[in-house]
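As the structure is a computational prediction, the values presented were derived from the model and not from experiment.
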Amino acid sequence: MTGLPKKVQLPKSVLDMKFMKKTKERIEKEIENTQDHDSLYANIITHEMRSASGNFISEPSFIFCEPMIEGRLSFKGMNPEIERLMELENAKNEKPSGEMDKDVSDEVLARKMEAFNKRKRPQDSPKYVTIGNKRKK
């Protein structure tokens with residue numbers, strides 16, 4: 001298996017020189033910190049996680065980002081001001097759930113339906129024999 005690419009290090013003979021003391025101390029601290037870091041997360045971070053590559057998908061378009069929520073978010077009262085702004089924005093975007101917008105008023109619809117029903121089933125026509133027509137005769 002291939003490991004992580006090793007960082008290029010200066011030779012010990014160069015680090016032992018007088019003018020390189022600060023650099024040597026800094027490098028030693030970095031090595032110590034990485035060892036502490038590795039020991040802290042050794043049970044969580046696996047070797048596969050360290051050597052994994054290609055975990056990203058690049059999309060050529062931003063269309064997938066359009067329906068995403070923009071801006072700051074707050075949940076469960078952590079930032080009441082932001083939550084109030086979110087409620088106001090949601091109230092603007094939503095229609096009231098009570099009634100739908102009417103294109104035609106109720107009176108106009110009633111008149112049109114009455115006229116349609118008269119045209120569809122003319123009751124005085126001799127073609128159509130109904131119980132009401134029989135009684136009139």
Side-chain angles (χ1 to χ4, degrees):
M1 281 197 228
T2 61
L4 292 173
K6 292 215 173 195
K7 193 174 179 181
V8 177
Q9 294 181 354
L10 294 171
K12 281 191 175 186
S13 59
V14 174
L15 289 174
D16 287 337
M17 293 182 181
K18 231 180 197 182
F19 69 93
M20 295 294 282
K21 280 186 181 180
K22 289 182 182 178
T23 306
K24 183 178 180 180
E25 291 172 4
R26 183 178 48 86
I27 290 172
E28 287 174 356
K29 278 186 182 180
E30 286 178 7
I31 291 171
E32 188 177 310
N33 287 340
T34 56
Q35 288 172 351
D36 290 343
H37 178 75
D38 289 344
S39 64
L40 279 175
Y41 300 106
N43 60 344
I44 299 171
I45 300 173
T46 63
H47 179 70
E48 289 82 21
M49 292 169 112
R50 287 189 184 118
S51 61
S53 64
N55 292 336
F56 304 100
I57 300 170
S58 61
E59 286 290 333
S61 175
F62 62 90
I63 291 175
F64 296 106
C65 299
E66 285 181 347
M68 291 182 172
I69 298 171
E70 294 179 15
R72 297 167 54 190
L73 299 176
S74 173
F75 301 98
K76 296 184 180 180
M78 294 303 288
N79 194 339
E81 183 180 342
I82 298 296
E83 288 185 18
R84 184 177 52 80
L85 292 172
M86 287 169 55
E87 287 174 6
L88 290 173
E89 186 176 322
N90 287 340
K92 284 184 206 173
N93 295 339
E94 293 179 6
K95 287 187 177 180
S97 59
E99 287 188 29
M100 295 174 58
D101 295 336
K102 295 180 181 178
D103 294 334
V104 179
S105 68
D106 292 336
E107 295 83 22
V108 172
L109 181 63
R111 277 189 263 128
K112 293 281 185 181
M113 286 302 295
E114 187 179 332
F116 177 74
N117 286 337
K118 283 183 181 177
R119 276 187 278 132
K120 189 175 179 184
R121 287 183 258 129
Q123 296 173 355
D124 298 333
S125 173
K127 261 181 165 175
Y128 300 102
V129 179
T130 62
I131 296 173
N133 288 346
K134 287 185 178 180
R135 288 185 190 156
K136 288 181 185 177
K137 291 182 182 179

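Remark: Ser105 pairs with Glu107, Val108 by the side chain to side chain contact (heavy atoms under 4.5 Å, CB included) rule, at least two apart or across chains. Glu30 is linked by a salt bridge (charged side-chain N to carboxylate O under 4.0 Å, His left out) to Lys7, Arg26, counting only residues two or more places apart in sequence or in another chain. For the salt bridge (charged side-chain N to carboxylate O under 4.0 Å, His left out) test, residues two or more places apart in sequence or in another chain that qualify with Glu114 are Lys118.
Heavy atoms only, all atoms of each residue included: Val14 and Met20 are closest at O-CG, 3.3 Å. The two atoms that bring Glu83 and Met78 nearest to each other are OE2-N, 3.7 Å, heavy atoms only. Contact record, Leu109 with Val104: N-CG1, 3.9 Å, taken as the closest heavy-atom pair.
For the atom pair NZ of Lys24 and CD1 of Ile27, the computed distance is 10.0 Å after rounding to the nearest 0.5 Å. We find the CD-NZ distance between Glu25 and Lys29 to be 7.0 Å, quoted to the nearest 0.5 Å.
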Could you check Phe116 against Lys112 for side chain to side chain contact (heavy atoms under 4.5 Å, CB included), going step by step and ending with a plain yes or no? CA-CA 6 Å; Phe116 177 74; Lys112 293 281 185 181; over 6 Å; no
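In Ile63, the CD1 atom is not crowded: 12 or fewer heavy atoms of neighbouring residues, nucleotides or ligands sit closer than 6.0 Å.
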